[in-house]
Amino acid sequence: QVQLVESGGGLVQAGGSLRLSCAASGRTFSSYNMGWCRQAPGKEREFVAAISWSGSSTYYADSVKGRFTISRDNAKNTVYLQMNSPKHEDTAVYYCAAERDLILTKRPGRYDYWGQGTQVTVSS
């Protein structure tokens with residue numbers, strides 16, 4: 001089992017930058033693919049980015065490709081989401097999630113473990 005705790009959310013100006021972190025407990029973190037999803041008020045939870053257990057593969061939603069970067073440090077049991085040039089429409093609660101599928105997934109329903117979320121607000 002994996003427990004996930006996000007941090008780093010807050011208020012950021014459009015065009016600025018923000019880095020989210022997700023700290024995982026447990027000795028099996030390096031065996032999980034990790035992802036970030038987000039949920040804006042009144043909307044369904046949507047996929048943002050994913051990274052394989054080794055860090056060798058990444059996958060992004062078209063809406064954030066070229067602006068956001070997902071990375072991980074298995075020695076620190078932490079996954080990151082670097083948000084560059086955020087837009088007002090990126091405002092949401094951001095969730096870290098873990099799964100053990102053979103391939104990366106963009107389907108939030110495929111993730112097994114979730115953090116509590118961190119609010120990101122982008123001012124325009």
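Within the model, atoms OG of Ser52 and CG of Leu102 stand 12.5 Å from one another, a figure rounded to the nearest 0.5 Å. Distance check: Arg107 CZ to Cys37 SG gives 12.0 Å after rounding to the nearest 0.5 Å. Summarising the geometry, atom CG belonging to Leu81 is positioned 11.5 Å from atom CE belonging to Met34; distances are rounded to the nearest 0.5 Å. The CD atom of Gln13 sits 10.0 Å away from the OG atom of Ser124 when rounded to the nearest 0.5 Å. Distance check: Thr121 OG1 to His88 NE2 gives 9.0 Å after rounding to the nearest 0.5 Å. Within the model, atoms CD of Glu89 and NZ of Lys43 stand 8.5 Å from one another, a figure rounded to the nearest 0.5 Å.
Between Thr78 and Ser21, the shortest heavy-atom contact is CG2-CB, 4.3 Å. In this structure, Ala24 and Val2 approach most closely via the heavy-atom pair CB-CG1, 4.0 Å. Nearest heavy-atom pair across Asn77 and Gly26 is ND2-O, 2.9 Å. Closest of all the heavy-atom pairs between Trp53 and Ser31 is CB-C, 3.8 Å.
For Gln119, the CD atom is densely surrounded, since the number of other residues' heavy atoms within 6.0 Å is greater than 12.
Lys65 and Asp62 are joined by a salt bridge, as a carboxylate oxygen and a charged side-chain nitrogen come within less than 4.0 angstrom of each other.
Under the 3.5 Å distance criterion, the side-chain polar atoms of Asp101 are left unmatched by any main-chain donor or acceptor of Ile103. One N or O on the side chain of Glu6 and one on the backbone of Cys96 form a donor-acceptor pair closer than 3.5 Å. The backbone N or O of Gln82 lies less than 3.5 Å from no partner atom in the side chain of Thr69, so there is not a single donor-acceptor pair. In this structure, Ser56 contributes its side chain and Ser54 its backbone to no donor-acceptor pair below 3.5 Å.
The shortest side-chain heavy-atom distance between Tyr60 and Ile70 falls under the 4.5 Å cut-off. Using a 4.5 Å cut-off on side-chain heavy atoms (C-beta onward), Val64 and Arg38 make contact. Side-chain contact between Tyr80 and Cys22: absent, with no pair of heavy atoms (C-beta onward) separated by less than 4.5 Å. Residues Tyr111 and Thr105 form a side-chain contact, since some pair of their non-hydrogen atoms from C-beta on lies under 4.5 Å apart. With contacts defined as side-chain heavy-atom distances shorter than 4.5 Å, the pair Tyr95/Leu4 does not qualify. Counting heavy atoms from C-beta on, the side chains of Val120 and Pro86 never come closer than 4.5 Å.
Of the candidates Thr91, Asp90, Val122, Val122 is the only one forming a side chain to side chain contact (heavy atoms under 4.5 Å, CB included) with Val12.
In this pair, Tyr94 and Phe68 present their aromatic rings tilted. The plane angle is within the 30 to 60° band. Classification of the Phe47-Tyr59 ring pair by plane angle, with boundaries at 30° and 60°, yields tilted.
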*Apply side-chain contact (heavy atoms from CB on, under 4.5 Å) to the pair Arg100 and Thr28, showing each step before the final yes or no.*
CA-CA 11 Å; Arg100 273 179 163 171; Thr28 59; 3.7 Å; yes
*side-chain contact (heavy atoms from CB on, under 4.5 Å) between Arg67 and Met83, worked out*: CA-CA 6 Å; Arg67 298 188 297 120; Met83 303 172 62; over 6 Å; no
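In this structure, Arg72 is positioned above the aromatic face of Phe29, its NZ or CZ under 6.0 Å from the six-membered ring centre and within 45° of the axis.
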